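Whatever order the structure lists ligands and atoms in, that order sets their numbers, starting from 1. All figures in this text were calculated on a predicted structure; none of them were measured in a lab. Numbers for residues simply follow the sequence, beginning at 1. Basis for what follows: all heavy atoms, side chains included, without hydrogens, waters or symmetry-related copies.
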Amino acid sequence: MNQNLKETIHEAAAGVYRILVPLPKNPLRFLNAYLIRGDAAHGGRNLLIDTGFNRPECETVLRGALKALNADPGGTDIFVTHLHSDHCGLMKKMASAGSRIYCSKADGDLINYATTPAYWEELDGIYAHYGYPSRGKTNMENHPGWEYNVREKVNFIPVDEGQTMEYGGYTLRSVWTPGHTPGHMCLYDGSKQLLFCADHVLDDITPNITVEVGMDNPLRLYLDSLGKVETLDVRTALTGHRRSPDSFRKRIAELRAHHIARLEELIGILGTRAMNAYEAAAAMHWDVSFDRWEDFPLSQKWFAAGEAIAHLQYLYGEGRINRFESEGVYFYSRD
Ligand SMILES: [Zn+2]
């Protein structure tokens, strides 16, 4: 294996290879795709978990890594953990005619819906309802989900909660973890205490929680899903980005504390006057290199607004704040 491949491929567990797929111009930097190598002696198939964006920089690296691991597309199935294009963008290109492509029904449907402009118009409409300024079609055109995703529909094999599949000596049970997306799925092997947790639990960054078509209180779902995986016995948590947490339960506690602090921050921000989510996002603290909200790039404003919406909707759902509508926009207030 040459030096580049040595840096790209890492055996994360017996027969499970983490492949670092670069995400150019994206603050996440890399996607962790995973290959579970099938037991060739018994004709076993490989399983590729997630893929990277549909762009050449990702495709070159992923193809090279799969070749080095002797995983030819004809013998490889693909599991898509969720609808985001950094996870599913290359699935079509990595599949052969006989490959199974697994995804939850909810996210599979949204991936196919997102191949049409109607999805992006609906999403823009949702954001507009929360006060995000309309910029015609630019929200869609600036979104990596549109730019780097597949453009044709995929015939997914739908995966339900609690289904099991066998690959390379692993028995993987699907664990539905809605919140980051409506159909986000983890894969768990209890006997090996191994969890592929994709973007449900990340170590040095916080998973982005935002509204989605068909999901208007994502933080409520997310916190419930954190509680769900917290009960699992996990020694190795294989994340969708960055490094694995040293302690899975400790990381869950930190993520929960982060959201509680964000909720309290918003309660404070709403102390002065009623605001829509976009205005609240501009008043929140963000760990970025820009001093002023006006200087945030459009994509950062989009993600920030999404986070503000998720937290305000949670507070509203819990009855801690009020919501009213004015000229087609939701406003939140403390009284
Ligand atoms: Zn994601």
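- A heavy-atom distance below 4.5 Å is not found between the side chains of Asp124 and Tyr132.
- Shortest distance from the Zn ion (ligand 1) to His84 is reached at ND1 (N/O/S atoms only).
- Within Asp199, the N/O/S atom positioned nearest the Zn ion (ligand 1) carries the name OD2.
- When NE2 of His82 and NE2 of His180 are joined through the Zn ion (ligand 1), the resulting angle is 100° to the nearest 10°.
- Using a cut-off of 2.8 Å, one finds that His87 contributes no N/O/S atom close to the Zn ion (ligand 1).
- For His311 (side chain) and Glu307 (main-chain N/O), a donor-acceptor pair under 3.5 Å exists by modelled atom type.
- A cation-pi contact links Lys192 to Tyr170, judged by a cut-off of 6.0 Å to the six-membered ring centre and 45° from its axis.
- The residues Arg55 and Glu57 are annotated as salt-bridged, a charged nitrogen and a carboxylate oxygen being separated by less than 4.0 angstrom.
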